[in-house]
Every structure is written in C-alpha cells, then in structure tokens.
Amino acid sequence: MHTITREEAARRSETIDLDTIDVTLDLTGAAGQGDTFASVSELKFTSRTCETFVDLIASSVDSVEVNGKAAQFEFDGGRVTLSNLPVGQALTVRVEAQCKYSTTGEGLHRYRDPEDGATYLYTQYEPTDARRVYACFDQPDLKARWQFTIAADTDWVVLSNQPQVSETTQGAFTTRVFDRTPPLSSYITAVIAGPYTRVDGGVWRGGAADSLPVDVPLALYCRAALAPYLDSDEVLSVTRAGLDFYHARYNYTYPWGKYDQVFVPEYNLGAMENPGCVTFNENYISRDRTTRSERQSRANTIFHEMCHMWFGDLVTPRWWDDLWLKESFADNQGSAGLVAATPYKGEWATFAAGRKEWAYYQDQLSTTHPIAASIPDVDAAKHNFDGITYAKGAAVLKQLVAYVGEGAFYAGASDLFKRHAFSSASLNDLLEVLETHSERSGLKDWAHLWLETTGPSRLSCSREDRRLSITQAGEVMRPHTIRVGFFKGEDAVRVDQVEVTIRQQTYELELSEKQMSADFILLNDDDLTYAVIELHGPDLEYAVDHVHRMEHPTSRAVVWSALWAAMLSQKLPPARYIEAVGQRAATETEDAVLEDLINQAVKALRYFTPGIHRDERAAWFAQRALENCANETERDRQHIWASAAVQALTLDRSNRPEHNRFLEDLANQNSSLVTVGPSLAWRARVALAARGRLTQAQVDAALEQDNTGEGRVWALRAGAAIPQRKSRLNAWDMVLADKLTNQEMSAVLAGLAVGGIGNQVPGFAGGFFDEVGPYWMEHSIGMGNRFVAGGFPDLIDASNSADAQALLYQASYWLSESDAPAALRRLMEEKRDDLRQRFEVQQAWLE
C-alpha cells in the first residue's frame, strides 16, 4: 500500500504553488472487458525546490513531460518522482498513464448491472484515491482549479463538479468538456459516467447577504433499474429545505453552481460531499416501501453532505488531523437542520439513541483517540472516519453551541467561511472566530478538555435530604452545561427541569419542594452534553419500568442510552434489556428511535447472550415483535416490527413451526401481517437459510425470479448462511479467490457470520487469523477493512468456556506475534476488545 505521510505532505505544501490541473479521461472502453483506461493530467504549478513528487497509482506511466519536453522520472507504483526541475518558474507537468477500473469502491468504480447489462462508473476518493484515476497532488491543502475532459459513450450521462461547457461527437462516442472549478482539493473532485436516469429538480433560487440571489439547478440520478423506486419529490423537498437552512444560518452563498445528487451502486460510504456532484449509496433507494425512519435517515445524510459544501469543501482541513472540523460539523448540522427545517422534529432523539451509541462504543475501546487526533499518514486517516470523529465530535459541538450560544456559533461559522474561503482552516482558526462572536473567553482551554482528550465523561447523581450531588467521573474534568429533569409517578411526568454547568468532580444542587417530590432524576435531559449517564439501584429500576411513559422523545432516548450503558457495565442483565425493548418500545413515537432500539436489542441477543440461552430469548423477542406487528395500524411500523422478528429469527435455531411459517410467507411475499417487498423477502430467505430451512437450489430459484444487482447480493448472502460445512468452506474460498466485488464479498462474509451461530466451524477462526495479514498486504485498504469487519470470528459463547477461551487466545496471540501495519493492528485490537467485553458481560449473567 502506498501511503502519504503528514511530514512529506507538509514539505510539499511549503514548496508548491499550485494553479490548475487539467484531466482528460478516455472511458470509451468502459463497457468492454478491458481493465484500464487512458488518463492524462496537466499540472501547472511553481516549485521552490528542484525535486518533488506527483501522486499516481497506475498500471503504467506512458510518458511524463515538463514544459513540453520529455522528463526523467521514477515511478514506484504510487508516485511519480521528478527531479532537476527549474526552481521558481512556471511549470506544466503532463503525465500520461494507464489506470485501472475498480471493483472495490475506490478510485473509478465500475459496476455492471446484471439486470440490463448496463455499465455504470463513479469516483470515490476520500482520503487519497484520486491518484488511482489521475496524477495529482493528493492532499487537502493543495487546491487546484480543475478542468475535466471526458470521452465516453454518446448516450451516457457524464457529470463532474461543474456544468458541461462543450462536446464533440464522433460516432458512438462523445468528448465532453466541463467548466473549470474554483480552487478544490483533489479528494472532492468527481466523475460520473453511465446510462443513469435523470430527474430534473428545477432551480433553487436564493442566497445570503454576501451576494445577489443565485440560481442553483437541481438534479437527481440513479441506475435505470432503480428509477421506479426513487421517491424524487421527497429527496428534492429535503434538498430545498437544506439550501434554505444553510443560507439562513451561514450567511455565505452557495458557491458551486449546480447541485447534482447521484445514487451509485456498491458504495463504500453513505455519501460523499463532492461539490456540485454529491454521491450517495443507492441503498437509500428502497425497492420495498420506504419507511419514515428510512426517509429520515436519508434526509439526515442529505443535510450532512450539504453542510460540507461549506464545512469541508469551501473550507477544508489542512491535513487529516483536522478531519473532525468537517465531519463533526456535518454530523451536528445534519441533525440540527432536520429539527429546524423538516418534518423530522425528533431527530435529536434519534441522535441520542443511535448515533451517540457509536461514539460511546468507539470512545471506550483501547484504540480511542481525541476528536482532534494526530494523523501521521493517510492510512491512519482512513480509520479515523469513526464514531469519535463523527458522532462524538457532533455531540461535543452540541455542547459548544450550548456553551457559546447559538447566535455566536453561527456568526463565527460565517466569519470562518469569509476568512478562509477556498482555502484551509485549523482548530485555532475556529476558536478565534468563536471567541470574537461570543462572551466566552478561554476557548482553547475548553477545546483542550473536549477535543484533545479521550474517553467519555460519566455523570451520576445521589440525593440526601434537600441536596442533589452530581458526580463527574473520567480521566479529565470537563465543563458540562446540562439540563436536569425531574420525573414523578407511574406516568413519569416531568415536573421540573433546571439547567446547570458542571466543571468539577462534584456539583451540589439545592432542591426545591417540587424537585424533592420527584421519583426519578435524569441528568442530561434534552441531551446537551456528551457523557455516559450512570443509573443505580431504584433509579435503574424506575428507568426500566417507566422509560416508555416519558413524554419527550429526547428524554426517552437518553434513558434508553443509560440502560444500554448499564447492560455493558454489568448492572443490567442483557435479558432484562431485551425484555424492556420487546415490551415497552412499541409505544415509542419516533420510528427512527424504535429502529435503533431494536438494533440494540438484536446486538444484545447476538453478542451478549450466552449460546445456551440465545435460542429461547431470540424466539421470545421474535414473538413479541410479531405481536407488536399485528397490533400496529401504520404500515411503516408494521415493516419495522416484521424486520425485527426476522433479525431475531436469524439468530434462533429452535425452528418453531409458527416462526418458520412466518418466514416462509415473507419469502413467498404472501404475508397477512405486512406488505412484503423484495428486500424483506430476501431477509427472510437469509433467516431460513441460517435455520437450515433453505437449500442452495431454492436460493438459485429465488434469484431467477429477482435477477437484479440487489438480488445477486442477497443470494450470495443467503447461500453463505446455509449451515453446512462444505457450502460454508466453498463460500470462504470465494472470499479468498478475489473474484468478488466489495459489496459481494461483504455479503458472503455476512452470510457466513449468521450461518455460524450455533454451529460455527472452528476452522474459520484459525483460517481468518492465518489469512488476515497477507490479505491486508495484497489488497486495497477498503477491501482490507471489509475483510476484517466481516471475517473476524466475533461470536463468543461464555457457556462454552473452552472454545471461548481459545478464541480470546487466538485474538491476543495474533496481536502479540504480528508485525502488521498500524492500521490493521488497530482494527484487530478493536475486535479483540469486543470479544473480551462480550465474554465478560455474558459470564456475569451466566446461569
């Protein structure tokens, strides 16, 4: 793997003044069988040193010219090194290369749709995969004004960051030239090509006080096979609401011209903020009926990526140390925007119940890192797109808004954009503008405590007479501005709420008569801060029994989060948590929160329930889900509970006849409980396969009826889930044979994972630990991540102590003996930590 270090990027930035990069790509052979395409880059810059390097990962470099003359160069597979350059003179470096199409979601990804045979291309570069497609300076602070010239099929849609300005057609192929961009980092440039279906979204007209109103053309794109399922009206409505929201808050007019949103296949991410050409995972288009929670999740992503048009595109990090400056902001503003500008008013509850759990999980691993992390190279950057950079950072920013005030926060953001437009900014730049616009001084101290330290704070409270003691635990004492809620009675009525700021280990609050009458006190009511809330004794019991009766969605979400934390800290049995979700979540008014709670309950079943109890408790939860489904009148919630039952039954091997009939009805798309679409039917088939109730011949027959790209991926997953040693070994061989795309490999590994419950083949664990090192070294970092995420044997069973101890030993032994790269070691340490925690929780409640 070819990495780029922070030190060499900084040296290059000090010596290069970059002007323009012109890229020409010949994609006329994309629909054929060839693996490569011609790529030409012309970089115009001035160098203050006689030697530099240009980033490029290519099959070959055909020629390099400097100012029109052939130049000496060295190419090591990852960079073109140039020497004897004229110092201080304007240079034009032209690099002609043959680059490879990708099936890993990195660089220029090529997808062949099995349904209609069409070929689709799209680029994905973050953090440094633009070099897989054209020669460039692949670091965020070296911005160029780019121009793209793309040759492709005449009947294809071809897109880039800017509008097309001209075209020349010769027979079946057309060369399209796109307008030059404003200064832009390489990782957010984009090329899209293929027979995408286009939806014209009209024009958004508006702006901020810094300019006259602008017209922003809107358009949506997706594969032709998915076009019937794209609810474009909803997507465009959210898009317009986002443009209204950000212009009102940021006071800086959208600078990128058009606003295309493209849904692409086999995507490694949820979405990517390429200015003027945002790409989304096409999983946001459902072939089933799109539920409200799915629409809310997609709306959040639309707002998240749109925030990047300012935080991350207009103003970028100088290096990946400040990755959080864009991702934390976008995560925070995505939720804030939905609450302020869309019908999804419960989004902060969804954030508290789901997104923050990702942060708390990541922040308690041995590999935790500060929000403002030290990133030595791009491999490390790749693995900091995690729960700390996104969700913890977003939660801390919510606390910052509470600390400095919303008006000061948005005034500071506007100032940041004006000072650093089309350039880069750092943490100190942000703190400077916030101090200017707020009454808070000493924000560097605040930033140190919140952004440069690790681990979550822990807040708990105790009452004695008229005094409430709030205790902060953790490695650092942070300032917390929180609201304390007081709840009373069987209906859990909130009788009072008070806002306090905690700075030390203990904070004392004198209670009023009304507050003294409360049966339960909730710290961080309204979820203003980032802290694990610890519940004990009667408070824990009250929370379990009354969480569903609380009126406010965010209050409920904070309590559910505290219950999950209590389970992980062995204060609440996993069975009790599962029962609480099954019995009480049906009254949850926020569909997205309901889905998060169900997902947590399934995690508790899969990972924290000993194998000796798993079938019984999974069957119980499935039955509760079916009862809740039958009692529901809303189709969206029926779908949620039916899906919950399927997830539970995928873990259950008791094969109760009524549950098999339920799954068979779904698989046949003939259920009396719920409207069944193709995706839900396939989920049921995976469950049937894992239960030993579906053969490979039946999987093949189902694929014949749904011969689509989605159907193919589901069929791979279902086939791998069949609990037969021979078929499972064949599936493992498929993974190692390097003939699967990124999404196909993950599907096979996911099938192996569910098929392993109750009858896991011991050899797979040893096989994984033998293979992971070589696989990592021979594949891209994206595929390596997928291999570890899906292939690590993460099921541990405390009721089978010998096998559990053997698995823990294998994981620890690998770490002690391996000299693997730091990025791989980090992933393996996290997986080892997961095993240990799951084993300890199971063991604590093993009967």
Side-chain angles (χ1 to χ4, degrees), residues 357 360-362 364-367 532 540 544 563-582 598-622 647-655 690-691 721 723 728 749-750 752-769 788-816 827-847:
E357 290 303 338
Y360 292 141
Y361 159 76
Q362 197 90 44
Q364 296 177 79
L365 294 170
S366 61
T367 57
V532 174
L540 180 58
V544 172
L563 294 179
W564 181 256
M567 189 203 77
L568 296 181
S569 62
Q570 302 171 29
K571 297 182 179 71
L572 184 71
R576 188 86 186 278
Y577 181 88
I578 294 163
E579 289 170 3
V581 174
I598 288 169
N599 289 336
Q600 294 292 81
V602 171
K603 285 182 185 177
L605 283 166
R606 178 179 173 86
Y607 296 121
F608 297 100
T609 301
I612 195 172
H613 301 307
R614 189 181 295 121
D615 287 348
E616 175 189 357
R617 289 172 186 165
W620 177 90
F621 188 77
Q647 289 184 73
L649 293 176
T650 306
L651 310 177
D652 170 31
R653 298 294 180 268
S654 60
N655 270 321
R691 292 161 72 89
R728 287 169 58 73
L749 290 172
L752 287 171
V754 298
I757 293 175
N759 57 0
Q760 189 164 353
V761 179
F764 281 129
F768 171 79
F769 288 112
V788 176
F792 190 98
D794 60 1
L795 291 172
I796 195 164
D797 182 6
S799 59
N800 187 339
S801 181
D803 282 356
Q805 294 291 348
L807 183 55
L808 285 169
Y809 173 80
Q810 283 181 297
S812 296
Y813 181 80
W814 187 95
L815 286 165
S816 67
L827 293 179
M828 295 292 282
E829 285 178 26
E830 291 175 354
K831 290 292 189 179
R832 188 269 317 273
D833 289 355
D834 287 343
L835 284 179
R836 284 178 174 172
Q837 183 185 55
R838 292 163 187 174
F839 180 75
E840 290 168 359
V841 171
Q842 288 184 32
Q843 203 172 39
W845 305 104
L846 189 62
E847 298 171 3

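A pairwise comparison of heavy atoms in Arg606 and Arg614 identifies O-NH2, 3.4 Å as the closest pair. Looking at every heavy atom in both residues, Ala789 comes nearest to Lys831 through O-NZ, 3.5 Å. Summarising the geometry of Leu815 relative to Glu829, their closest heavy-atom pair is CD2-CG, 3.7 Å, with the distance given to 0.1 Å. Annotation for Trp845 and Val841: closest pair CD1-O, 3.3 Å, computed over non-hydrogen atoms. The shortest non-hydrogen separation linking Phe839 to Ala804 is CE1-CB, 3.6 Å. Counting all heavy atoms, side chain and backbone alike, Ile578 lies closest to Trp620 at O-CZ3, 3.8 Å.
The distance from atom CG of Leu540 to atom CG of Leu572, rounded to the nearest 0.5 Å, is 5.5 Å. Here the straight-line distance linking atom CD of Gln837 with atom CZ of Phe608 works out to 4.5 Å at 0.5 Å rounding. Atoms CG and CG, from Asn800 and Leu807 in turn, are 10.5 Å apart once rounded to the nearest 0.5 Å. Rounding to the nearest 0.5 angstrom, the gap separating the OG1 atom in Thr609 from the CG atom in Asp797 is 10.0 Å. Taken to the nearest 0.5 Å, the CD atom of Gln647 stands 7.5 Å off from the CD1 atom of Ile598. Between atom CG of residue Asp834 and atom CG of residue Asp794 there is a gap of 7.5 Å, rounded to the nearest 0.5 Å.
Asp833 contributes a side-chain N or O that, together with a main-chain N or O of Ser366, makes up a donor-acceptor pair within less than 3.5 Å. Although no hydrogens or angles enter the test, the distance criterion places a donor-acceptor pair under 3.5 Å between the side chain of Gln842 and the main chain of Ala798. With hydrogens and angles ignored, the 3.5 Å screen pairs a side-chain donor or acceptor of Arg728 with a backbone N or O of Leu752.
Under the rule for a side-chain contact (heavy atoms from CB on, under 4.5 Å), the partners of Ile612 that lie at least two apart in sequence or sit in another chain are Pro610, Ser799, Leu846. Evaluation of the side chain to side chain donor-acceptor pair (under 3.5 Å) rule for Arg838 yields no partner, not counting sequence neighbours. Under the rule for a side-chain contact (heavy atoms from CB on, under 4.5 Å), the partners of Ala565 that lie at least two apart in sequence or sit in another chain are Val532. Applying the side-chain contact (heavy atoms from CB on, under 4.5 Å) test to Ala618 and every residue at least two apart in sequence or in another chain returns Leu605, Leu651, Asp652. Partners of Gln805 by side chain to side chain donor-acceptor pair (under 3.5 Å), not counting sequence neighbours: none found. The side chain to side chain donor-acceptor pair (under 3.5 Å) search around Glu357 returns Ser561, not counting sequence neighbours. Under the side chain to side chain donor-acceptor pair (under 3.5 Å) criterion, Ser816 pairs with no residue, sequence neighbours left out. Remark: Leu827 pairs with His383, Trp776, Asn785, Val788, Glu830 by the side-chain contact (heavy atoms from CB on, under 4.5 Å) rule, at least two apart or across chains. Here Tyr577 pairs with Trp564 under the ring pair (Phe, Tyr, Trp, His ring centres under 6.0 Å) rule; sequence neighbours left out. Residues that satisfy the ring pair (Phe, Tyr, Trp, His ring centres under 6.0 Å) test with Tyr360, not counting sequence neighbours, are Tyr530. Residues meeting the salt bridge (charged side-chain N to carboxylate O under 4.0 Å, His left out) test with Arg832, sequence neighbours left out: none.
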Query raised in the report: Going through the distances and angles, do Val581 and Phe621 end up as a side chain to side chain contact (heavy atoms under 4.5 Å, CB included)?
Result: CA-CA 9 Å; Val581 174; Phe621 188 77; 4.0 Å; yes

